[in-house]
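Whatever order the structure lists them in is the order used to number ligands and atoms, beginning at 1. When a residue number appears, it is its place in the shown sequence, counting from 1.
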Amino acid sequence: MIFSDFSDFVHSPFPVIGSVVLAASIFVYVLCYLRSPLHKLPYPPGPPEKGLISGNQSDLPPSQPYLTYLEWGKKYGDVIHYRTYSKHTIVLNAYDDNVELLDKRSLIYSDRPYLAMMDLMGWLDFNHAFMHYGTKWRSHRRIFQQFFRLEVASKYQPTQAKKNLDLLYGLLTTPEDFIKHYRTLAAAIIMSITYGHDVTPKNDHFVDLAENAMSHMSGGFAFIDSLFHSFPIICHLPAFLPGLGFKRFALEGKRSVLDMLNIPLGIVQSKMKDGTAADCVAADLLESCQSDEQRDAIAGVIATAYAAGSDTTVSSIGTFFHAMTLFPDIQQRAKQEIDAVVGCEQLITYKDRLLLPYVEAVFREILRWRPVVPLSISHASTSDDVYNGYYIPKEIVTNVWAIAHNPEKYPEPETFDPSRFLDENGHLNDDNVGYVFGFGRRICPGRHLASDSVWLTIATVLQNFDIQKKRDSNGKEIPISGEYSDGLIAHPVPFECTITPRSTASRDLILEAVGKFST
Ligand code: HEM
């Protein structure tokens, strides 16, 4: 059983825990306030607390909190504070404040808040995206950067082009499965680079292992995490006790995490022994691996690449199809640029990227309009700090959505308008929307790979396909809801569209390229 709020927990079938929690709540609340003179300065402004013990818990919306934070920002300013039980959170709605704290003071703002459920499931041991700032994080991040930094990422472009061609072929043959095709694309790129594994579109063993482990993470654990934060003793209670179903759920999740970490790497190791391993990150790292500790780090870094890199890529390509279905004029303008500059005789390659500013602007607008990770991943500070006269507690949330929808920077922010990234001469301006990848020392290390993957898909799909709203049997356009899923990564809710090749030339181009690659 997973609890969604405090009253669920207190009224759980385990009344002893309920009462202990209630008593401890009062204690924590009192302690909280007794300790507050320590921070003589006030917290930044924020919504008034409704609950004596729970603080602003009831103010938090069940979904899309970034929109609520944006509204709070209009009332209380760009730096907002709120409290849930004993946990204090700061939300940064403005770009400049993120730069001031997370970039310029990165020495103290590079930690992550403790995520109890993720820890119970084993994610904090191996996934450096959630790890505390320190020696282990540094060593994992260093290994990661070795394979994904700008100068190295371009080495994967041939793999990305090959997998992208599979997507184009899928769109040609079974366009109605476009969502499945782009999901396969994202998984195939990462699995090929990391394990040298060629993903099959259905029932792929490697993908299933990773998705199974990740499916345990998708629950909303914010409430349980804040309980753990206030009452760490819960961590030590045995999982079999009634009312602690979330602990049993977490332990089950941990088993799937271990499978995800060990099975694919074991397969690469055996292939290395019989000399059939493909050139890949795992083989490269295992070559010089000398201890179990190093093997664990390799397993962790590689699994992190899939966990952090697959669904994020899926989200942005999903937004591309979504936006192109909704905004045919923009699609048309991008095609005009492609036709004028590159034409349709050859598939677009990375060499064409600088020649296509409007397509680049479409890419940027996709990342801005519907940010993939609307609230980034929270940072935490390792020591007390003061900013603009306010005391800043541990957890810092970057509201990427608010930055991307700031009307002063982006007039009519809800309008999908790539030309906001072009000057009057049609040249790209210097806003590369880098903030969608985070800030400071925790900035996304996979951003170069992501940019290459997403851009190539955008450019080649625009070059060769028309994307339109689907029509019903009466020829009426089927509307698209425009809704997005909730959670760390936002996806357009599944929708239908019609995808057709732009011409026979486009069709032949793809078929010819597939033939070339398969020889
Ligand atoms: C459009 C695609 C992507 C977006 C929008 C995105 C965005 C982000 C964001 C916002 C963060 C948190 C940064 C912060 O804490 O300040 C992050 C972290 C991370 N991303 Fe990405 N990401 C994308 C693709 C990828 C890919 C393809 C990979 C792997 C190949 C990847 C690997 C990571 C890792 C490992 C972290 C954790 C970094 C750390 O904590 O040190 N991401 N990403």
Side-chain angles (χ1 to χ4, degrees), residues 66 92 95 98-99 101-103 106 109-113 115 118 123-124 126-134 136-150 152-153 156 159-160 163 182 185-194 210 281 300-320 363-364 366-381 395-401 403-404 432-458 488-491:
Y66 45 90
L92 302 177
Y95 176 82
N98 278 282
V99 171
L101 294 182
L102 307 187
D103 277 353
S106 63
Y109 282 98
S110 297
D111 199 7
R112 295 282 192 216
L115 298 170
M118 300 284 272
W123 284 83
L124 302 199
F126 80 88
N127 187 322
H128 71 273
F130 302 113
M131 252 178 221
H132 281 306
Y133 185 61
K136 187 170 176 183
W137 169 79
R138 215 169 279 116
S139 91
H140 279 232
R141 173 122 184 162
R142 201 176 299 124
I143 300 173
F144 198 96
Q145 298 266 49
Q146 199 184 318
F147 292 93
F148 293 100
R149 63 179 197 274
L150 180 61
V152 182
Y156 306 120
T159 302
Q160 287 163 296
K163 300 300 176 190
Y182 68 70
L185 166 76
I189 290 172
I190 303 275
M191 290 297 188
S192 174
I193 293 170
T194 50
V281 174
V301 166
I302 293 177
T304 298
Y306 182 87
S310 180
D311 224 19
T312 42
T313 305
V314 167
S315 158
S316 36
I317 298 178
T319 293
F320 162 67
F363 165 73
R364 294 182 186 181
I366 279 161
L367 295 179
R368 181 206 70 83
W369 183 62
R370 291 291 177 262
V372 171
V373 200
L375 288 177
S376 187
I377 306 176
S378 297
H379 285 225
S381 58
E395 180 162 354
I396 318 292
V397 174
T398 296
N399 192 351
V400 177
W401 178 281
I403 299 172
N432 67 359
V433 296
Y435 56 82
V436 302
F437 293 105
F439 290 88
R441 297 183 190 188
R442 306 298 292 238
I443 192 171
C444 173
R447 61 195 185 284
H448 310 297
L449 186 82
S451 168
D452 280 353
S453 298
V454 178
W455 178 82
L456 191 66
T457 298
I458 291 176
L488 182 66
I489 299 170
H491 295 274

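Those atoms of ligand 1 that come under 4.0 Å of a heavy atom in S316, given as number and element, are 1 (C). Counting atoms of ligand 1 from 1 in the listed order, those under 4.0 Å from a heavy atom of H128 are 35 (C), 39 (C), 40 (O), 41 (O). Interface of H379 with ligand 1, defined as ligand atoms under 4.0 Å from a residue heavy atom, comprises 14 (C), 15 (O), 16 (O). Less than 4.0 angstrom separates some heavy atom of W137 from each of these atoms of ligand 1: 39 (C), 40 (O), 41 (O). Those atoms of ligand 1 with a heavy atom of F439 less than 4.0 angstrom away are 16 (O).
Note that OG of S110 and CH2 of W137 are 6.0 Å apart. Values are rounded to the nearest 0.5 Å. In this structure, OG on S376 lies 14.0 Å from OH on Y66, to the nearest 0.5 angstrom. One distance of note links CD1 of I317 with OG of S453; it measures 7.0 Å at 0.5 Å rounding. The structure places CD1 of I193 at 11.5 Å from CD1 of I302, a figure rounded to the nearest 0.5 Å.
In F130, neither the side chain nor the backbone holds a heavy atom less than 4.0 Å from any atom of ligand 1. Looking at T304 against ligand 1, only its side chain comes within 4.0 Å, counting heavy atoms.
A heavy-atom distance below 4.5 Å is found between the side chains of P445 and R141. Between L375 and N399 there is a side-chain heavy-atom pair separated by less than 4.5 Å.
The shortest N/O to N/O separation between R441 and ligand 1 does not fall below 3.5 Å. Annotation: F148 places no N or O atom under 3.5 Å from an N or O atom of ligand 1; distance criterion only.
With hydrogens left out, the protein atom closest to atom 12 (C) of ligand 1 is S376 OG, 3.6 Å, a heavy atom. Looking from atom 13 (C) of ligand 1 to the surrounding protein, the closest heavy atom is R442 O, 3.2 Å. Among protein heavy atoms, the minimum distance from atom 29 (C) of ligand 1 is reached at F144 CZ, 3.6 Å.
Under the 3.5 Å distance criterion, with hydrogens and angles disregarded, a donor-acceptor pair is assigned to the side chains of R441 and Y133. Side-chain contact annotation: H140 with N127, donor-acceptor N/O pair under 3.5 Å absent.
Checking R112, H448, R141 against atom 41 (O) of ligand 1, the nearest heavy atom belongs to R141. Summarising the contacts of atom 10 (C) of ligand 1 with I377, T313, V436, T194, the nearest heavy atom is found in V436.
In this structure a side-chain-to-backbone donor-acceptor pair under 3.5 Å is missing from S315 to D311.
Other residues, nucleotides and ligands place more than 12 heavy atoms under 6.0 Å from the CZ atom of F147.
Screening the protein for N, O or S atoms under 2.8 Å from atom 21 (Fe) of ligand 1 yields 1; no waters enter the count.
Closest heavy-atom contact between K163 and I189: CB-CG1, 3.9 Å.
Under the 30°/60° scheme for interplanar angles, the aromatic rings of Y435 and Y95 are found to stand perpendicular.
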